2 protein chains.
Amino acid sequence: MSKEELYKQNIIKQLYFERVLSATDLSSLIKKSIPYTTRLINALLDEDVITDNGLADSSGGRKPQTYSLIPGLKYIIAVAMDQFNTQVGLYDLHQQEVCPPKNIELPLANNTDALITLSNAVNDFISNSGINKSQIIGMGIGMPGFINTKKGINYSFLHIPKSNIISYLKKSTQLPTFIANDSSVFALAELRLGAAKNKKNVMVVNIGWGIGLGLILKGQLYNGENGFAGEFSHIPLFDNRRICSCGKMGCLETEGSLNVMVTKARQGIQEGQSTIIKFNEGEDNLSAASAVMHAASKGDRFAISIIYEIGYNIGRGLSILIHLMNPQLIVLGGLGIKAGHLWLAPIQQAINEHCIPILSEDTSMKLTTIGEQAGLIGAAALVMDNIESTNWSSIHTLSNS
Amino acid sequence: MSKEELYKQNIIKQLYFERVLSATDLSSLIKKSIPYTTRLINALLDEDVITDNGLADSSGGRKPQTYSLIPGLKYIIAVAMDQFNTQVGLYDLHQQEVCPPKNIELPLANNTDALITLSNAVNDFISNSGINKSQIIGMGIGMPGFINTKKGINYSFLHIPKSNIISYLKKSTQLPTFIANDSSVFALAELRLGAAKNKKNVMVVNIGWGIGLGLILKGQLYNGENGFAGEFSHIPLFDNRRICSCGKMGCLETEGSLNVMVTKARQGIQEGQSTIIKFNEGEDNLSAASAVMHAASKGDRFAISIIYEIGYNIGRGLSILIHLMNPQLIVLGGLGIKAGHLWLAPIQQAINEHCIPILSEDTSMKLTTIGEQAGLIGAAALVMDNIESTNWSSIHTLSNS
DNA sequence: GTAACTTATTAAATATATTATAAAGATGGT
DNA sequence: ACCATCTTTATAATATATTTAATAAGTTAC
């Protein structure tokens with residue numbers, strides 16, 4: 001690809017994440033001069049890839065002409081997987097849902113058919129959407145596990161003998177495919193569209209059955225040497241003898257996660273704690289955790305105390321992170337976000353107790369604002385973040401010729 | 001500075017760290033085409049900043065013409081401080097000592113005169129060296145404490161009301177000055193000239209009275225939002241009740257550092273352990289620690305067991321680091337390096353016990369090879385890493401005209 | 001001796017920035 | 001309402017920066 005095409009691609013990327021930008025904005029974002037940027041913009045206008053978006057308000061001078069992507073020009077398939085379920089969504093270039101996302105049951109553990117199921121589901125989903133496959137620029141997938149993004153290998157699930165996930169899905173769906181760890185995808189969503197936007201050093205914490213972590217360093221996602229960075233859940237932090245899901249003992253996960261929340265709640269109820277939490281027989285962990293968090297939001301003291309304990313332990317882990325990375329912001333999200341601001345006090349308390357003040361003073365903490373679709377939105381962002389070559393103008397060129 | 005001058009500066013930087021390079025090497029290092037790079041090289045030759053270094057061996061084609069810096073063209077002042085002593089050295093552009101480094105006693109704690117003492121010492125040192133100040137391109141300083149590199153502030157020591165260290169020293173020594181945390185400087189030395197050279201993700205561990213850490217991520221030094229990243233010594237890792245030097249409890253430093261080594265040795269001897277370690281009355285910590293490490297190298301089982309315990313605890317901390325950063329290499333250095341390979345086994349053991357295998361498998365561990373001058377060499381590298389504008393050709397221009 | 005390869009040089013073409021100027025609007029005063 | 005002045009934005013002409021392509025030259029390995 002020529003340099004000029006690369007810059008155009010960069011402009012498209014910027015417009016995807018910012019939606020509306022002026023020539024001056026774009027010039028500083030792609031770090032090229034205004035006249036040169038203008039030339040690139042005009043080329044993109046000619047190719048019918050972007051559109052004139054009218055004049056924006058003045059900030060003390062001539063009103064800037066603004067530009068944006070044509071939303072229906074191309075689409076993106078976003079896939080958010082967890083160990084049991086997978087969501088598939090379709091988004092346009094304004095990050096809007098084109099049709100309602102689809103949920104499929106897809107257990108990952110010991111499931112040799114998982115990829116077949118996935119690619120069938122994606123192909124069906126596209127067919128039902130009515131969108132032509134040629135208009136889809138790619139598929140982004142966030143999934144749990146140890147993932148080598150470049151090689152397309154998940155060392156925990158979805159193993160394919162003599163091949164890899166990316167090659168397989170490219171072949172079976174005919175779509176450029178990008179995969180990443182679910183916590184990285186979540187962090188990417190925060191970096192491009194959420195609380196970490198335009199921030200440099202941010203820790204994005206995914207409170208779920210484990211504690212996921214996406215590291216944003218110097219304004220970029222950090223993946224580590226093999227893509228395994230951010231294994232926060234399994235740092236050896238406690239001297240307990242609890243066996244963790246990873247096989248080791250004393251991991252953060254054994255004292256701070258939604259699993260622990262459910263366990264503590266069950267235990268407390270059995271011991272006769274007075275609480276409004278009610279578990280049905282055989283209730284699954286997801287609804288149990290939701291019940292605890294719901295009770296806590298209603299003011300249930302027992303539930304709040306459980307969240308306090310777990311939050312405090314997560315905060316202990318975050319103290320280590322603050323010492324090592326000196327971040328400006330910590331963003332909390334994931335399933336646990338249902339308990340909202342109740343996390344803030346115990347985590348902050350732990351940080352106060354375990355951090356050197358000069359370090360913790362300049363680190364702020366926020367709850368995610370992206371909401372439940374974070375996984376899908378991040379997966380779509382993953383495509384735009386990595387896409388290198390797409391024939392952006394094909395459709396309009398065809399209709400024009 | 002014009003773009004072209006910037007590129008020339010970059011060429012000088014590359015030649016400083018690599019000593020001898022061909023046009024092709026430089027072209028790929030500065031990421032400009034070969035013809036353009038050649039033009040820049042010729043300009044530098046004309047200005048008598050670099051010199052033709054003859055032909056290098058062929059690797060299957062025409063022998064490359066190589067170039068190098070003229071070592072005596074410019075010099076660098078390097079300063080390595082610890083809490084009690086400060087070393088000052090003078091280096092040429094081939095990283096060679098111009099005269100023996102000087103040691104001065106300079107306690108940092110509660111010493112309002114420290115900066116005056118330092119600048120006097122530096123000025124004296126330069127006078128005695130016989131090098132003209134105009135030939136010195138700058139001064140690099142590594143020092144303990146919480147340091148904001150850009151603002152020139154050390155929040156732990158050397159506080160100056162209404163000014164900062166850089167401004168003060170620039171004024172009193174007339175030299176462009178750069179400061180950084182001692183562990184960062186050590187990591188820089190490893191990155192540019194040592195075991196981390198051309199590596200991407202490396203943890204450089206400084207085993208001393210605390211455990212310092214310099215993080216190299218994506219091939220660059222990582223400093224965090226305010227320059228405080230890498231506070232490994234004070235991560236809350238132990239459930240002990242030992243008060244740390246930072247005021248908190250349970251820091252890594254309280255169970256893994258040379259201070260702990262000395263304490264354990266003293267305790268053991270008092271309890272009648274059989275060992276060849278002998279402490280004189282009132283022996284200071286530095287020689288005591290050296291004695292323990294010396295005994296261990298001789299095979300003293302008690303000394304070795306102490307190193308094992310401390311190494312194991314450091315390894316526990318490193319396990320966390322590996323989970324979070326997924327580095328390809330860990331480099332061990334600092335005062336503790338006197339015990340050499342004896343650290344490797346206990347640290348590796350802790351990593352084996354506390355790391356998920358897939359993470360630890362691809363992380364190797366090495367001892368530093370830079371030696372005792374690491375602090376000074378790194379401080380000199382700090383100058384070359386950051387210098388932006390120097391009149392490189394002045395002297396020769398004068399002699400030519 | 002020759003194929004394959006690395007390195008060096010030159011001319012030509014392309015990429016990109018700077019400067020000057022114009023246009024459009026904001027602000028504050030009368 | 002009208003004007004003077006300061007900003008920001010847009011565009012055209014010009015100058016500079018940088019790469020590409022073609023070619024030549026020097027080496028190695030078979």
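Here the structure is a predicted model, which means the values were calculated and not measured. In the text below, chain A, chain B and the rest are named by the order of the sequence lines, each starting its count at 1.
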### Query
With B:L193, which residues qualify under side chain to side chain contact (heavy atoms under 4.5 Å, CB included), at least two apart?
B:F17, B:Q95, B:I377

Strictly under 3.5 Å: I want the nitrogen or oxygen pairs between protein and nucleotides 27-30 of chain D, one per line.
unit_1: D:dT27; atom_1: O4'; unit_2: B:G61; atom_2: O; d: 2.7

### Query
What integer distance in Å separates B:D57:CG from D:dG26:C1'?
14 Å

### Task
Enumerate the residues from residues 29-44 of chain B whose closest heavy atom to DNA chain C is under 4.0 Å, giving them by residue number; use none for an empty result.
B:I34, B:P35, B:T38

### Task
Identify, with sequence neighbours excluded, every residue that meets side chain to side chain contact (heavy atoms under 4.5 Å, CB included) alongside B:T368.
B:F186, B:E190, B:V331, B:I337, B:I370

### Message
How many whole angstroms separate atom NZ of B:K3 from atom P of D:dA15?
### Response
19 Å

Donor-acceptor pairs under 3.5 Å, side chain of residues 63-73 of chain B to any protein atom, not counting sequence neighbours: which ones?
unit_1: B:T66; atom_1: OG1; unit_2: B:N53; atom_2: O; d: 3.3
unit_1: B:T66; atom_1: OG1; unit_2: B:G54; atom_2: O; d: 2.8
unit_1: B:S68; atom_1: OG; unit_2: B:N53; atom_2: OD1; d: 3.4

#### Entry: With B:D385 via salt bridge (charged side-chain N to carboxylate O under 4.0 Å, His left out) - residues at least two apart
B:R192

### Summary
Across all chains, not counting sequence neighbours, the side chain to side chain contact (heavy atoms under 4.5 Å, CB included) partners of A:A229 are A:L215, A:Y222, B:N326

### Query
Contacts to DNA chain C from residues 15-28 of chain B, heavy-atom cutoff under 4.0 Å, which residues?
B:A23, B:T24

### Summary
Residue pairs passing the salt bridge (charged side-chain N to carboxylate O under 4.0 Å, His left out) test with at least one member in residues 7-27 of chain B, sequence neighbours excluded, are B:E5-B:K8, B:K8-B:E47, B:E18-B:K197

### Query
Rounded to the nearest 0.5 Å, how far apart are CG of A:N201 and CG of B:N226?
9.0 Å

### Results of salt bridge (charged side-chain N to carboxylate O under 4.0 Å, His left out) for A:E97 - residues two or more places apart only
none

### Task
Please check the phosphate of D:dT18 (OP1 and OP2 only) for any side-chain N or O of B:Y7 closer than 4.0 Å.
yes

### Summary
A:L6 CG to D:dT19 C1', in whole Å, measures 15 Å

### Message
Could you work out, with salt bridge (charged side-chain N to carboxylate O under 4.0 Å, His left out) as the rule, every residue matching A:R62, not counting sequence neighbours?
### Response
none

### Message
B:S28: which residues meet the side chain to side chain contact (heavy atoms under 4.5 Å, CB included) condition with it, sequence neighbours left out?
### Response
none

